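What follows is a set of notes on a single structure, which appears directly below.
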Amino acid sequence: MSPTNPAADLAERTAEAGARPAAGAIDLEGEAQTSARARPGSATEEVVVLDYGGQYSQLIARRVRECGVFSELLPHHVGVAEVMGRHPKGIILSGGPASVYEQGAPRLRRELLDLGIPVLGICYGMQLLARELGGRVEGADVGEFGRSQLTVAQPGRLLAGTPAQQTCWMSHRDTIYSSPPGFSALAASTASPVAAFESVERGVYGIQFHPEVVHTPYGQQVLTNFLADVCGCERSWSPSSVIEEQVARIRVQVGEGRAICGLSGGVDSSVAALLVHRAIGDRLTCVFVDHGLMRKNEGAQVIAAFADNFHVPLVAVDASERFLARLKGITDPEEKRKRIGAEFIRVFEEEAAKLEDVSFLVQGTLYSDVIESGGGTGAATIKSHHNVGGLPDDLKFELVEPLRALFKDEVRAVGAELGLPERLVWRQPFPGPGLAIRIVGGEATRERLEILREADAILQDEIRKAGLYRELWQSFCVLPDIRAVGVQGDSRTYGHVIAIRAVTSDDAMTADWARLPYDLLERIASRMTGEIRAVGRVVLDITSKPPGTIEWE
Ligand code: XMP
């Protein structure tokens, strides 16, 4: 069930799981800030990736981390001081869409080459190095896109341990025809006379192909060569090494103060809460607002995990009556979202006001949110994701964001290390407004929510039993406001229709409908019609995104 479209396929290991909630969304896991508050300390060895706008720039940072070296993505225009402030062991220049000789194309800061820090240019990054140092880069009539064959003339340090003939992934039109003086050309490809070069003396390395994508089988080896052999990294970083460091950092930030955290049941807010709890113990209070729009037993699971298991002080508010009252008669999806968002703020504020001396708010902001916001440098203009339950600015809290340096899968690793139950660690994204936006074209009444909840429970149960839960980005049911005629026993029925929606995706920006096995679908449909009296028909949504969206409204 891997994605069938090539772009999704290429990025299949990106899986940031960074669902971009719609405007006005309740998402307890957003809100970016300017400073990289959660960066590991200076003792952590780091490699900086300068982003020239390439499609896979984030992926480079991810791959470096997978090699055991902490890595951050910075905009290409940051100053040398900003880079040096991180004491990097290496600098990587990413790919990008521009041509090096175009007017206004992003440039290389020449001073970066004089810092005594090894530099690796990838694709556009390599072309920048070539041009800057006196090589020949020109536009080619034929671009090189996709799989290509690399012939290694001499492995040098960069390609050491990789075969003389290997597949690699290319995506460029401009081509390097000759290396800069003093450089060794290491390899050529079908359309690139110089596809890899190095100057050990200068500490400058370049590859035209993309080592970060899965279609370059020796890509990770090349990155490892750069990190370990060239940069001398010890490669001891791991997501869980963040735990101790963050706990210490949170203790310093919060001091003797008290903090509050809105738990949504999602992995980000859960892991953030556990880290903060480890740091300041019972001076953290979690607030779980049950808006009555959760899935079956979801509230109970969150409460059991936090209050019973981890003994985290937890205020669980059953606000379902209030939310249902606010949703009475409302069928328009955006109006539903707005009302749920506004009610959420009200409930959260009321609960926060009951707690004394709370001055810190814990949020599960991820590194992908920070990057999306143009942040990380402390200098860029930040566009905050104002979807933290729509929490307004005048809630006078200082933010604690212990996950700001981590990607989603790294957060999952930290969660597992902290003992978060697997069910929460691997939970598929669930929209803040919950089941209300899955009752399509109709009011979210208690009765409809109950039908949808039961149908969803059957779907999840069967998907989990089939071992497909983690492979799917999301799997859920939709209850449209229609009825269909059927026959059960000897009687005519006029039941609800349940639509099954299951998608694969890397980031929710695009999605493909999942090819669930027929026998699984049959089991699901027969259980739904058999076990839920009100359901008369089950249909499958086979729309991708685009043109559809993942949710129905
Ligand atoms: P769409 O339907 O736009 O969804 O393809 C993309 C991702 O966002 C989630 N989603 C939401 N999340 N509040 C949220 O917190 C919302 O209002 C909302 N609407 C959609 C959706 O589940 C998918 O993961």
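Atoms within a ligand are numbered from 1 in the order they appear, just like the ligands themselves. Model, not experiment: these values are computed from the prediction. Counting begins at 1 with the first residue of the sequence.
Between Glu298 and Arg423, no side-chain nitrogen of the basic residue sits less than 4.0 Å from a carboxylate oxygen of the acidic one, so the salt-bridge criterion is not met.
Neither the backbone nor the side chain of Phe430 comes within contact range of ligand 1; no heavy atom lies under 4.0 Å.
Comparing Gln428, Lys338, Lys545 by heavy-atom distance to atom 6 (C) of ligand 1, the nearest is Lys545. Between Ser264, Gly341, Gly432, it is Gly432 that holds the heavy atom closest to atom 14 (C) of ligand 1. Ranked by closest heavy atom to atom 21 (C) of ligand 1, the top entry among Met509, Glu551, Arg337, Arg501 is Glu551.
Formation of a donor-acceptor pair under 3.5 Å by the Arg438 side chain with backbone atoms of Glu551 is not found in this model. In terms of modelled atom types and a separation under 3.5 Å, the side chain of Tyr56 and the main chain of Pro211 share no donor-acceptor contact. Between the side chain of Asp357 and the backbone N or O of Ser359, no donor-acceptor pair lies under 3.5 Å.
Not one N or O of Pro433 is nearer than 3.5 Å to an N or O of ligand 1, by distance alone. An N or O contact shorter than 3.5 Å is missing between Arg438 and ligand 1 by distance. At under 3.5 Å, a nitrogen or oxygen of Ile550, whether backbone or side chain, sits near a nitrogen or oxygen of ligand 1.
Remark: the Gln58 side chain and the Ser368 side chain contain no N/O donor-acceptor pair separated by less than 3.5 Å.
Note on ligand 1: Trp552 sits outside its first shell, no heavy atom being nearer than 4.0 Å.
Atoms of ligand 1 found under 4.0 Å from any heavy atom of Thr549 (numbered from 1 in listed order, with element): 1 (P), 2 (O), 5 (O). Shown in contact with Trp473 at under 4.0 Å from a heavy atom are these atoms of ligand 1, numbered in order with element: 24 (O).
Judged by the 6.0 Å distance and 45° axis criteria, Arg501 is not positioned over the aromatic ring of Phe476.
Put simply, the side chain of Arg65 reaches to within 4.5 Å of the side chain of Tyr367, judged on heavy atoms.
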